Amino acid sequence: MSKTMTRLTSEDMKALIGAMQAAIAENAERLTALDQAIGDGDHGINMKRGFDAIAADADAICDKPTPQALSAAGMKLVMSVGGASGPLFGTLFMTLGKSLPEDFECGAFADAFAKAVDAVAARGKSSAGQKTMLDVLYPVSDALAAGKSVGEVAAVAAEAAEATVPMEAKRGRASFLGERSIGHMDPGSCSCSLLVNTIAAWISAKEHAA
Ligand code: ADP
Ligand code: MG
């Protein structure tokens, strides 16, 4: 993201929604397989339902300024994803919407993202190191706060998702498996890395085109 003030246009937001929907659809089977290993095997389907719902309403969502659009997308996720992850991803997007000004630069985005991640932790009664999506969201938040480049932030997300493999789950369904949750990537962390990498790729492509 550039250091100057940014305002996402309606077209930008539609493109981002399309990219996220496609990334989740392409990886739905993988996400489901991860959840089959340590959960109930619905994570890919849940996430696909959520991003398909956002995409179906993209015109109305993207007519709004970015903060309100993020809140509307978060509401869609709460209503359509279900499971444990629906309210958590919904909280992430809704808090980001509530915390982000209409015109923002890197620092303001990092501040809003940090608030959104804290809201997810409060909602999930969870913290770092418990093999949940927070194990990607916190490192991404730290990378944003440190002013890292989009490429670096994307790499941090991918590494953080990999780092959940040796962890033992302490929250969510995977925690029921205890030590048997070790050796598999956390599905929610995989989704977060996927979304961060998709957004980062979109920003990089846009910066190159400019
Ligand atoms: P469910 O577990 O209800 O089937 P999903 O399969 O869609 O829901 O999502 C599972 C993911 O949700 C996990 O991989 C984990 O990343 C995340 N998750 C579950 N519980 C929590 C929690 N309490 N805090 C943070 N993330 C959580
Ligand atoms: Mg599940």
Side-chain angles (χ1 to χ4, degrees), residues 1-24 47 50-51 53-78 88-123 128 133-161 189 191-210:
M1 204 181 296
S2 74
K3 293 265 185 294
T4 51
M5 282 293 191
T6 303
R7 176 184 288 223
L8 291 176
T9 66
S10 172
E11 291 313 312
D12 289 337
M13 291 191 279
K14 271 183 212 164
L16 273 166
I17 288 173
M20 288 192 283
Q21 182 197 20
I24 292 292
M47 293 299 285
F51 281 88
I54 293 175
D57 213 17
D59 286 345
I61 291 173
C62 299
D63 267 350
K64 302 178 196 291
T66 302
Q68 286 84 343
L70 282 162
S71 298
M75 277 305 294
K76 283 271 166 207
L77 293 177
V78 170
L88 296 170
F89 276 103
T91 297
L92 182 72
F93 279 74
M94 287 191 294
T95 311
L96 201 49
K98 215 166 59 184
S99 313
L100 197 68
E102 195 167 337
D103 295 305
F104 55 90
E105 35 67 52
C106 286
F109 186 82
D111 288 347
F113 195 83
K115 288 199 181 94
V117 178
D118 283 341
V120 174
R123 177 85 218 215
M133 58 175 80
L134 289 176
D135 291 310
V136 170
L137 296 176
Y138 275 124
V140 166
S141 185
D142 290 346
L144 290 170
K148 297 218 164 138
S149 71
V150 277
E152 285 169 329
V153 173
V156 162
E159 280 162 27
S189 296
S191 290
C192 288
S193 168
L194 200 60
L195 292 171
V196 169
N197 273 271
T198 302
I199 295 164
W202 181 84
I203 294 170
S204 299
K206 195 173 157 74
E207 283 177 352
H208 274 108

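In this chain, residues are counted from 1 in sequence order. Keep in mind that what you see is a predicted model, and the values were worked out from it rather than measured.
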Can you give me every donor-acceptor pair (side chain of residues 57-66, partner residue at least two apart or in another chain, under 3.5 Å) with its distance?
{"unit_1": "Asp57", "atom_1": "OD2", "unit_2": "Lys76", "atom_2": "NZ", "d": "3.4"}
{"unit_1": "Asp59", "atom_1": "OD1", "unit_2": "Lys14", "atom_2": "NZ", "d": "3.4"}

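- For the salt bridge (charged side-chain N to carboxylate O under 4.0 Å, His left out) test, residues two or more places apart in sequence or in another chain that qualify with Asp12 are Lys206.
- Listed for the Ser141 side chain is no donor-acceptor partner under 3.5 Å among the backbone atoms of Leu137.
- What you find for Met133 and Val120 is that their closest heavy atoms are SD-CG1, 4.2 Å.
- In terms of modelled atom types and a separation under 3.5 Å, the side chain of Ser193 and the main chain of Ser189 share no donor-acceptor contact.
- Here the closest heavy-atom approach between residue Thr198 and residue Met20 is recorded as CG2-N, 3.9 Å.
- Summarising the geometry of Ala143 relative to Val153, their closest heavy-atom pair is CB-CG2, 4.1 Å, with the distance given to 0.1 Å.
- For residues 106-119, the set of pairs meeting the salt bridge (Lys or Arg N to Asp or Glu O under 4.0 Å) definition, not counting sequence neighbours, is empty.
- Under the side chain to side chain donor-acceptor pair (under 3.5 Å) criterion, Asp103 pairs with Arg7, not counting sequence neighbours.
- Of all non-hydrogen atoms in Ala23 and Leu194, the two that sit nearest each other are O-CD2, 3.7 Å.
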Identify each donor-acceptor pair in which a side-chain atom of residues 89-96 lies under 3.5 Å from a protein atom, sequence neighbours left out, and give them as a table.
{"unit_1": "Thr91", "atom_1": "OG1", "unit_2": "Pro87", "atom_2": "O", "d": "2.6"}
{"unit_1": "Thr95", "atom_1": "OG1", "unit_2": "Thr91", "atom_2": "O", "d": "2.7"}

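- In this structure, Phe104 CZ and Leu8 CG are separated by 4.5 Å, a value rounded to the nearest 0.5 Å.
- Listed here is the closest heavy atom pair of Val136 and Cys192: CG1-CB, 3.8 Å.
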- Can Phe51 and Ile17 be said to form a side chain to side chain contact (heavy atoms under 4.5 Å, CB included), step by step? CA-CA 8 Å; Phe51 281 88; Ile17 288 173; over 6 Å; no
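- Atom CG of Leu16 is separated from atom CD1 of Ile199 by 6.5 Å, given to the nearest 0.5 angstrom.
- Taking the side chain to side chain donor-acceptor pair (under 3.5 Å) definition, one finds that Glu152 meets it with Ser149, sequence neighbours left out.
- Looking only at side-chain heavy atoms (C-beta outward), Phe113 and Leu100 stay at 4.5 Å or farther from each other.
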